[in-house]
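Hydrogens, waters and symmetry mates are skipped; everything else that's a heavy atom, side chains included, is used.
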Amino acid sequence: MAASDATEDYRLAAVRLDKDSIERGTPDQEHERSIAIYDLIENNRFKPADAMPGPYQLVLGLAERRLVFDVRDSDDNPVMTHLLSLSPFRRVVKDYFLICESYYEAIRSASSERIEAIDMGRRGVHDEAANIVMERLSGKVEIDFNTARRLFTLIAALSWTGREA
């Protein structure tokens, strides 16, 4: 993103989930979603192609196994809609959940070296997923790497069914 574009005007000021297409989750799921949304709003760069400066609102929904990016301006007027296929994320979401589960288990009893190694693996999978997000949004929405990581966290939170105790 060019330095002149790295302003407060090219960011998400709000993210909400479309209640008609994304079912309400369990309390744990809702908590994870809320954290992911908070983190995304707190720090992001988000510039829809050929759009006037924002800030923007993002309404996420689901349609035919695709994530709907309904981007709106601050007055709730449509800016653009993009359908993001979730197929490219299946493997990486599965890997991410598996490694997160290993991490949660490790922090209970493993050595600090083992925990650090698992955490490095988790970050690697998260980085891979962020690259997929950037690739899939290329030409539609310009985002930075950290925003892509936060978007993936939200995608994962929408996919999460909860950890078994």
Nearest atoms (heavy-atom pairs only) where [X] meets [Y]:
X: Pro88; Y: Ser85; value: CD-O, 3.4 Å
X: Leu154; Y: Leu40; value: CD2-CD2, 4.3 Å
X: Arg16; Y: Asp76; value: NH2-OD1, 3.4 Å
X: Phe46; Y: Tyr56; value: O-CE1, 3.5 Å
X: Ala106; Y: Ile118; value: CB-CD1, 3.6 Å
X: Arg33; Y: Ala157; value: NE-O, 3.8 Å

With hydrophobic residues grouped by side-chain heavy-atom distances under 4.5 Å, do [X] and [Y] end up in a single group?
X: Ile115; Y: Tyr104; answer: yes
X: Val59; Y: Ile41; answer: no
X: Phe145; Y: Ile143; answer: yes
X: Leu17; Y: Leu12; answer: yes
X: Val68; Y: Ile22; answer: no

- Message: Test: salt bridge (charged side-chain N to carboxylate O under 4.0 Å, His left out). Region: residues 49-66. Which pairs qualify, not counting sequence neighbours?
- Response: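 Sorted result for residues 49-66: empty, none.
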
Are [X] and [Y] packed together at the side-chain level, in the sense that at least one heavy-atom pair is separated by less than 4.5 angstrom?
X: Leu86; Y: Val93; value: no
X: Lys94; Y: Arg90; value: no
X: Val71; Y: His82; value: no

Between atom [atom1] of [X] and atom [atom2] of [Y], what is the distance when rounded to the nearest 0.5 Å?
X: Tyr96; Y: Arg123; atom1: OH; atom2: CZ; answer: 11.5 Å
X: Asp119; Y: Cys100; atom1: CG; atom2: SG; answer: 9.0 Å
X: Asn44; Y: Asp39; atom1: CG; atom2: CG; answer: 11.0 Å
X: Leu83; Y: Leu67; atom1: CG; atom2: CG; answer: 9.0 Å
X: Ile155; Y: Leu60; atom1: CD1; atom2: CG; answer: 8.0 Å
X: Leu151; Y: Leu84; atom1: CG; atom2: CG; answer: 9.0 Å

- Is it true that atom CZ of Arg114 has more than 12 heavy atoms of other residues, nucleotides or ligands lying nearer than 6.0 Å?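 No.
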
Identify, with sequence neighbours excluded, every residue that meets side-chain contact (heavy atoms from CB on, under 4.5 Å) alongside [X].
X: Asp73; answer: Asp75, Asn77, Val79
X: Thr153; answer: Ala36, His126
X: Asp20; answer: Asp18
X: Tyr38; answer: Glu42

Throw together a table of side-chain donor-acceptor distances under 3.5 angstrom for residues 128-140, partners on residues two or more places apart or in other chains.
| from | atom 1 | to | atom 2 | distance (Å) |
| --- | --- | --- | --- | --- |
| Glu128 | OE2 | Arg91 | NH2 | 2.1 |
| Asn131 | ND2 | Asp127 | O | 3.3 |

- Item | Exam field: side chain Thr147 to backbone Arg45, donor-acceptor pair closer than 3.5 Å |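 Yes.
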
